[in-house]
2 protein chains.
Amino acid sequence: MQARSEETRTHILEAALRRFASVGYNAASVEDICTAAGVSKGAFYHHFPSKQALFLALLNDWLATLDAGFEAARKANVPETLLAFTEMLPAIFAAADGRLTMFLEFWLQASRDEAVWQASIAPYERYQQFFTALVEQGQAEGSLRADVEASSAARAIVGLAVGLLLQALLNPQANWERTAQESMEILLNGLMHKRTTT
Amino acid sequence: MQARSEETRTHILEAALRRFASVGYNAASVEDICTAAGVSKGAFYHHFPSKQALFLALLNDWLATLDAGFEAARKANVPETLLAFTEMLPAIFAAADGRLTMFLEFWLQASRDEAVWQASIAPYERYQQFFTALVEQGQAEGSLRADVEASSAARAIVGLAVGLLLQALLNPQANWERTAQESMEILLNGLMHKRTTT
DNA sequence: TAAAAGATACCGACCAGTCGGTATTTTATT
DNA sequence: AATAAAATACCGACTGGTCGGTATCTTTTA
């Protein structure tokens, strides 16, 4: 049996998430994580070849969660789907508020570390394409303006989401759920068909 | 005279900016920065009480640059002013592409370090208020819809800008100037008066 | 009992900050 | 103006401690 083994692995992952989130990648030492996980350093390096590998494992888990959330939020038409995504934002990110910091940490690491970048850029482009396709679909079904580049609209959507999350990180007290909702509505409004003439 | 003194101080600041930008706050050691500045460690600690103090000095410089840029970009009416800001984005941030990383680093530090947070939150709120006032002005002059909360619109604007910058960091090859332009136009379109009826 | 999992002690590298001392510049004195 | 005194700027070796990772040994599992 490998029940115990998997359990320690899980403990390590959970503890690492907590430590990374609260003090950051660099400040969270391997020993730190081991202590938080109630596990020895030997066990750690038995399960993960390096600290960075652990980091990447967490990244993949997180991306998988995101993927699942996106897939689950599809609605009848495109504008509604986008609003459903907006409603998801706080649920996914703000649940455990520390994750937000991890998100930034990922980004920072990715901008500097080749391995992390490789692991980040692929899903990032997947999301980009996902939203591009969504906008194109909206344009096809007539709910979105056809005179904007779908990929630009996608970047705007992703950018707005990311930017709001970052602001939430800096200033957590504001009610970002509402702000996100309203902001996305403004963006949608700019994307939707003008109701009439010039 | 303190000509030499100021010169070394400047050397340290410039070297620190380069090092922080290329390898990050943690990885850029004080000795590292000193070597890059052609200065001894003693000189470093003569000019700055700590590594963090140096960091904060850089932050303040950067914020001052931003302030100046914002003030310089005012145009006749509000939509044009906002578009002028959009045009500024690449000029300010992408000039030396490494600064973008610093920007993120600031954010990350701010979310974790009380001192950095204090130094960041004040200007951040200043910008927030700046854009809120701008949107209110637009609503008053009739160029922007009056049925959206000005502060939410401001957060959307800032959020979009920040989010696009972050994306640019992760994926530098795309032409973010154009994307920023188009995205802001979409957002503006959502903010502007609907041309006619429901 | 063999192999997997975990524990412990340890290594070399690194790093922020200190400290005793030196060089340079400014100010005071004659 | 020359010199002495004081202050400022700078140097670089050193300290105390941390960290990622390894080597070796013990325990658990199958």
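We name chains A, B, ... by the order of the sequence lines, and we start the count at 1 in each one.
- One can place NE2 of B:His11 at 15 Å from C1' of D:dC10, the figure rounded to the nearest angstrom.
- The OH atom of B:Tyr45 sits 13 Å away from the C1' atom of D:dT15 (whole-angstrom rounding).
- A close approach under 4.0 Å does not occur between any side-chain nitrogen or oxygen of A:His46 and OP1 or OP2 of C:dA7.
- We find that CZ of B:Arg19 is positioned 11 Å from P of C:dC15, with the value rounded to whole Å.
- Atom CD1 in B:Ile33 sits roughly 12 Å away from atom C1' in C:dC15 (whole-Å rounding).
- The shortest distance between the side-chain N/O atoms of B:Lys51 and the OP1/OP2 oxygens of C:dA16 is below 4.0 Å.
- Between D:dC11 and B:Ser40, a contact under 4.0 Å exists linking OP1 or OP2 to a side-chain N or O.
- Counted by atom type alone, B:Gln52 and B:Tyr25 present zero donor-acceptor pairs between their side chains at under 3.5 Å.
- With no hydrogens or angles considered, a side-chain donor-acceptor pair links B:Tyr127 and B:Asp67 at under 3.5 Å.
- In this model, a donor atom of one side chain and an acceptor atom of the other lie less than 3.5 Å apart for B:Glu114 and B:Gln118.
- A donor and an acceptor atom, one from each side chain of A:Glu125 and A:Gln129, are nowhere located under 3.5 Å apart.
- Residue whose closest nucleotide on DNA chain D sits further toward the 5' end, between B:Gly38 and A:Glu31: B:Gly38.
- Between the CG atom of B:Asn26 and the P atom of D:dT18 there is a distance of 16 Å, given to the nearest Å.
- Applying the 4.0 Å criterion to OP1 and OP2 of C:dG6, one finds that A:Thr8 has a side-chain N or O inside that range.
- B:His47 has a side-chain polar atom (N or O) that falls below the 4.0 Å cut-off from OP1 or OP2 of D:dC10.
- The nearest whole Å value for the distance from the CZ atom in A:Phe44 to the P atom in C:dT8 is 17 Å.
- In terms of polar N and O atoms assigned as donor or acceptor, the side chain of A:Lys41 never comes within less than 3.5 Å of the base of C:dA7 in a complementary pairing.
- Centroid-to-centroid, the aromatic rings of A:Phe131 and A:Phe70 come within less than 6.0 Å.
- The distance between atom CZ of A:Phe48 and atom P of C:dA5, rounded to the nearest whole Å, is 13 Å.
- Both A:Tyr25 and A:Gly42 lie close to DNA chain D; mapped to their nearest nucleotides by heavy-atom distance, the more 5′-ward contact belongs to A:Tyr25.
- One atom, CD of A:Glu6, and another, P of D:dT29, lie 15 Å apart when rounded to the nearest Å.
- Residue A:Ser50 has no polar side-chain atom (N or O) positioned under 4.0 Å from OP1 or OP2 of D:dG20.
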